[in-house]
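The figures here come from the full heavy-atom set of this structure, side chains too, leaving out hydrogens, waters and symmetry mates. Residues: numbered from 1 along the sequence shown.
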Amino acid sequence: MNKKMVSKLLAASLATIMTAGIVGCGNAKPAEDVSAADTQTEASEAPAETTTETEETASEEEVAPSHVVRTDADGNPIDLGGMEIIIRDWWTADEEVEPTNAFEEAREEYYDWIQETYNFKIKQVAISDWGSVPEDFLNYTTSGGDENYIFILRPGSELVAAMNSGLMYDLSTLDCLDFSKDKWGSDVHKLMEKHGAIYGMAAGTIEPKGGMYFNKRLLQEAGIDPQSIYDLQESGDWTWEKFEEICKQIQADTNNDGVIDRYAMVNFASTFYGEAVASNDAEFIGKDDNGYYNALESEATMEALNWALDMISTYDYPQPTDSEWDYWKEAFINGNGAFIAGETYQAGGDWSTMEDDFGFVCFPKGPKASDYTNVYSDNPYCIPACYDAEKAWKLAFAYDVYTDPVPGFEDYNDREAGFYNSFRDTESVELSIRRLMTNGKITYHTMIPGLSLGEDVLWGINKDSTPAQQAEKIRNTWASYLEEANK
């Protein structure tokens with residue numbers, strides 16, 4: 001789609017502007033009695049005198065029905081007053097990047113259009129770095145400023161402390177946001193919810209996190225067709241039981257010297273434990289209408305941890321003497337183990353120089369799960385609480401239109417497209433990455449102050465200290481953490 005066509009699409013969408021909307025923070029005198037649903041006019045709600053024109057235009061130009069103009073009480077586009085908004089992160093370079101494909105060209109045109117239509121400027125740029133983000137947010141929110149910032153923050157204890165200290169604006173009070181829309185599918189707003197207030201959000205495609213990498217050469221040497229792993233996933237038969245069968249076939253003493261020299265796995269144990277729990281539709285900390293609760297000792301979680309401990313004890317490449325904690329990275333690269341539980345970023349990072357070819361599937365599903373799963377852990381977008389209601393509303397409105405689907409590319413997944421550059425086969429993206437973007441679990445344990453999953457539980461699990469023993473040791477401590485978190 002070229003810019004000329006996108007311009008036509010956007011121009012055609014103007015035909016849907018109707019006299020409906022709100023008088024909110026975007027106007028001089030906010031009105032408190034108008035519903036958020038009135039901030040946009042759907043094509044199906046258009047009065048009779050405009051229906052014919054709209055339908056003809058839509059038919060000719062294939063205007064996306066989701067693309068509408070949001071209006072005020074007088075039927076005019078919402079006016080943000082020329083605000084210059086910055087979405088602060090720690091990775092985006094402050095430089096113009098030319099579009100490289102039709103989607104990026106259409107997105108650029110869409111961004112130009114929303115900024116002109118609603119009278120604002122917006123860009124995402126790195127101002128902090130990964131380490132300074134929590135402190136930068138704290139300092140800015142407590143001292144205030146004239147800038148128009150939306151902060152991207154990272155999960156962790158600092159995030160929870162900032163939320164509990166009232167440093168984030170309550171997004172549930174901003175009627176321009178509708179969290180029932182599909183674009184909020186990562187459920188960050190649910191993770192950042194407390195006592196009915198919502199302190200963070202994230203729109204767009206879901207970040208796929210953990211899965212299982214496999215070394216294709218080692219599988220072939222063990223008489224296993226690497227494609228068969230994808231076939232098992234597609235048929236629904238990629239289960240703990242089947243995975244264990246394959247590990248048993250791979251692990252061998254190939255030169256008959258009495259020492260195993262081909263291991264089925266090499267893992268960072270904490271990652272393997274975490275993925276195993278999620279794969280059994282289980283969790284460490286749950287949340288219901290009464291707040292957070294300890295799910296560590298649930299049947300599903302204990303089953304997953306016990307199975308994972310047995311797998312690591314039986315099939316995992318042992319840590320070499322005097323090696324560093326991350327020995328497993330080099331070990332997988334060198335082909336010391338056929339499978340490793342890992343995150344998707346590693347394909348273009350840790351494994352980018354790996355000589356052996358590798359594939360990627362979802363973590364095999366446990367007996368309590370009906371499908372493969374993913375762990376949701378996207379970074380929350382937060383508005384500083386030091387801003388007044390009008391400014392917060394405008395920032396939320398701008399972010400909302402900024403993250404709406406690009407006309408003509410509603411089903412296009414730009415995050416998925418990027419993975420073709422880091423993974424070595426298309427099956428990893430089309431059969432695995434795609435699944436991980438649609439099925440996941442929220443990790444509530446990251447929202448409990450004081451709780452350190454690795455230190456409290458995972459690092460201590462071994463042959464001499466079972467998951468049940470670790471859970472018993474930490475039970476009372478976690479109870480105090482949860483009591484405080486639920487206040």
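- Open room surrounds CD on Glu135; 12 or fewer heavy atoms of other groups in view lie less than 6.0 Å from it.
- For the residue pair Pro208 and Arg415, the shortest heavy atom distance occurs at CD-CD, 4.0 Å.
- Interatomic distance, CD1 of Ile442 versus CD of Glu193, reported as 10.0 Å (0.5 Å rounding).
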>> Could you walk me through whether Glu427 and Gln227 satisfy the side-chain contact (heavy atoms from CB on, under 4.5 Å) test, starting with their C-alpha distance in whole Å, then the side-chain angles of each, then the deciding distance to 0.1 Å, before giving a yes or no?
In response: CA-CA 9 Å; Glu427 290 91 346; Gln227 184 61 40; 3.2 Å; yes
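- For the residue pair Glu104 / Thr100, a side-chain donor-acceptor distance below 3.5 Å is found, with atom types taken as modelled.
- Taking OG of Ser422 as the start and CD of Gln346 as the end, the distance is 11.5 Å to the nearest 0.5 Å.
- Defined by atom type and a distance below 3.5 Å, a donor-acceptor pair is missing between the side-chain atoms of Glu84 and Asn148.
- The main-chain N or O of Ala396 is never found under 3.5 Å from a side-chain atom of Asp400 such that the two would form a donor-acceptor pair.
- Across Phe363 and Ala341, no two heavy atoms sit closer than the pair CE1-CB, 4.2 Å.
- Rounding to the nearest 0.5 Å gives a distance of 12.5 Å between CD1 of Ile285 and NZ of Lys287.
- Here the closest heavy-atom approach between residue Phe339 and residue Ile229 is recorded as CZ-CD1, 4.4 Å.
- Side chains of Ile383 and Leu171 form a contact here, defined as non-hydrogen atoms less than 4.5 Å apart.
- When side chains are defined from C-beta on, Phe419 does not count as touching Ser428, because their heavy atoms never get closer than 4.5 Å.
- Around atom CD of Glu147, more than 12 heavy atoms belonging to other residues, nucleotides or ligands sit under 6.0 Å away.
- No side-chain donor-acceptor contact under 3.5 Å links Asp74 to the backbone of Asn76.
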>> Walk me through whether Val69 and Trp113 qualify under side-chain contact (heavy atoms from CB on, under 4.5 Å).
In response: CA-CA 11 Å; Val69 176; Trp113 182 81; 3.6 Å; yes
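- A donor atom on one side chain and an acceptor atom on the other are not found under 3.5 Å apart for Tyr372 and Ser432.
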> After noting the C-alpha distance and the side-chain angles of Asp112 and Tyr110, does the key distance pass the side-chain contact (heavy atoms from CB on, under 4.5 Å) rule?
Replying inline: CA-CA 5 Å; Asp112 289 343; Tyr110 172 68; over 6 Å; no
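- Atom CG of Asn374 is separated from atom CE of Met437 by 9.0 Å, given to the nearest 0.5 angstrom.
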>> Apply side-chain contact (heavy atoms from CB on, under 4.5 Å) to residues Gln124 and Trp91 and explain how you reach the verdict.
In response: CA-CA 9 Å; Gln124 185 165 321; Trp91 67 84; 3.5 Å; yes
>> Test ring pair (Phe, Tyr, Trp, His ring centres under 6.0 Å) on Phe397 and Tyr118; report intermediate values, then the result.
In response: CA-CA 10 Å; Phe397 177 88; Tyr118 302 116; 5.1 Å; yes
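- Atom CG of residue Asp404 and atom OH of residue Tyr399 lie 10.5 Å apart, to the nearest 0.5 angstrom.
- Side chains of Tyr402 and Gln115: no donor on one and acceptor on the other come within 3.5 Å.
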Show me, pair by pair, the donor-acceptor contacts under 3.5 angstrom made by side chains of residues 149-163, not counting sequence neighbours?
| from | atom 1 | to | atom 2 | distance (Å) |
| --- | --- | --- | --- | --- |
| Arg154 | NE | Trp130 | O | 2.8 |
| Arg154 | NH2 | Trp130 | O | 3.4 |

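- Side-chain N or O atoms of Asp388 include one that pairs as donor or acceptor with a backbone N or O of Lys391 at under 3.5 Å.
- Aromatic rings from Tyr169 and Tyr387 are positioned such that their centres are separated by 6.0 Å or more.
- Using a 4.5 Å cut-off on side-chain heavy atoms (C-beta onward), Pro364 and Met212 make contact.
- Between the side chains of Asn486 and Tyr293, not a single donor N or O lies within less than 3.5 Å of an accepting N or O.
- Tyr420 meets the side-chain contact (heavy atoms from CB on, under 4.5 Å) test with Glu416, Thr426, Val429, Glu430, Arg434; sequence neighbours excluded.
- Counting non-hydrogen atoms of neighbouring residues, nucleotides and ligands closer than 6.0 angstrom, the NZ atom of Lys121 reaches no more than 12 such neighbours.
- Under the 4.5 Å side-chain criterion, counting only non-hydrogen atoms from C-beta, Pro449 is not in contact with Tyr481.
- A ring pair (Phe, Tyr, Trp, His ring centres under 6.0 Å) with Trp328 is found for exactly one of Tyr213, Phe272, Phe268, namely Phe268.
- Side-chain contact between Ile122 and Ile87 is present, with at least one heavy-atom pair separated by less than 4.5 Å.
- Salt-bridge formation is not detected for the pair Lys487/Glu483: no Lys NZ or Arg NE/NH1/NH2 atom is positioned less than 4.0 Å from an Asp or Glu carboxylate oxygen.
- Although no hydrogens or angles enter the test, the distance criterion places no donor-acceptor pair under 3.5 Å between the side chain of Thr117 and the main chain of Ile114.
- Of the inter-residue distances, the one linking Ile127 atom CD1 with Asp94 atom CG reads 8.5 Å to the nearest 0.5 angstrom.
- Counted within 6.0 Å of CD on Glu116, heavy atoms from surrounding residues, nucleotides or ligands total 12 or fewer; the atom is thus considered open.
- Under the 4.5 Å side-chain criterion, counting only non-hydrogen atoms from C-beta, Trp184 is not in contact with Lys190.
- Under the 3.5 Å distance criterion, with hydrogens and angles disregarded, a donor-acceptor pair is assigned to the side chains of Asp129 and Ser132.
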> Checking salt bridge (charged side-chain N to carboxylate O under 4.0 Å, His left out) for the pair Glu234/Arg435: CA distance, chi angles, key distance, verdict?
Replying inline: CA-CA 10 Å; Glu234 290 306 288; Arg435 286 182 183 275; 3.0 Å; yes
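- Minimum interatomic distance between Thr301 and Glu283 (heavy atoms only, all atoms of both residues): OG1-O, 2.7 Å.
- Among Trp351, Phe358, Tyr230, the single residue meeting the ring pair (Phe, Tyr, Trp, His ring centres under 6.0 Å) criterion with Phe214 is Tyr230.
- Under the 4.5 Å side-chain criterion, counting only non-hydrogen atoms from C-beta, Asn267 is in contact with Ile340.
- Around CG of Asp182, the count of heavy atoms belonging to other residues, nucleotides or ligands within 6.0 Å does not exceed 12.
- The residues Lys209 and Glu207 are annotated as salt-bridged, a charged nitrogen and a carboxylate oxygen being separated by less than 4.0 angstrom.
- When all heavy atoms of Cys176 and Arg70 are compared, the pair lying nearest together is O-NH1, 3.8 Å.
- One side chain, Asp356 or Asn215, offers a donor N or O that lies under 3.5 Å from an acceptor on the other.
- Val97 and Glu108 make their closest contact through O-OE2, 4.5 Å (heavy atoms, listed as atom of the first residue, atom of the second, distance).
- Gln233 contributes a side-chain N or O that, together with a main-chain N or O of Cys362, makes up a donor-acceptor pair within less than 3.5 Å.
- Between Tyr381 and Tyr199, the ring center distance fails the sub-6.0 Å criterion.
- Using a 4.0 Å cut-off between charged side-chain N and carboxylate O, Asp281 and Lys365 make no salt bridge.
- Taking the side chain as every heavy atom from C-beta outward, Lys216 and Asp425 approach each other to under 4.5 Å.
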